[in-house]
Amino acid sequence: MAWIRTVPPPAAQGRLARLYAAARRRAGKVFQVLELQSLHPHVLAASTDLYLAVMHAPGSLSRARRELLATVVSRENGCHY
């Protein structure tokens, strides 16, 4: 549960609703880390763009290894991935 005010997916409108819809297409749901950025959709869009660039950019690491690293880091940080 977030301790800051957020816009839950059912209440989202406009750009935020479109960002949430894209998140559901990618992951099947809107994760809380996205909702935490919901008051500033432009920040959420930039954050999502950065994540997608890092996870899908060309490089020596496969997508599976990138996901594995993200999972390990999240676990070490006590975050739900």
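The figures here come from the full heavy-atom set of this structure, side chains too, leaving out hydrogens, waters and symmetry mates.
- Pairing each heavy atom of Glu35 with each of Val7, the nearest pair is OE1-O, 4.1 Å.
- Between Leu19 and Pro41 there is a side-chain heavy-atom pair separated by less than 4.5 Å.
- Nearest heavy atoms, Val43 versus Gln37: O-OE1, 3.7 Å.
- Atom OG in Ser47 sits 11.5 Å away from atom NE2 in His42 (nearest 0.5 Å).
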Would Val30 and Arg24 count as a side chain to side chain contact (heavy atoms under 4.5 Å, CB included) if you check the C-alpha gap in whole Å, the side-chain angles of each, and the deciding distance to 0.1 Å?
CA-CA 6 Å; Val30 177; Arg24 279 194 289 288; 3.3 Å; yes
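- To the nearest 0.5 Å, atoms CZ (Arg66) and OG1 (Thr71) are separated by 14.0 Å.
- Pairing each heavy atom of Tyr20 with each of Leu44, the nearest pair is CE2-CD2, 4.3 Å.
- No more than 12 heavy atoms of other residues, nucleotides or ligands shown are found within 6.0 angstrom of CZ on Arg65.
- The side-chain heavy atoms of Arg5 and Ser38, taken from C-beta on, include no pair separated by under 4.5 Å.
- Judged by distance alone, with hydrogens and angles left aside, the side-chain atoms of Arg15 form no donor-acceptor pair with the main-chain N or O of Ala45 at under 3.5 Å.
- Across all their heavy atoms, Arg63 and Met55 have their closest contact at CD-O, 3.3 Å.
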Leu39/Thr6 under side chain to side chain contact (heavy atoms under 4.5 Å, CB included): CA gap, chis, key distance, verdict
CA-CA 6 Å; Leu39 296 182; Thr6 64; 5.9 Å; no
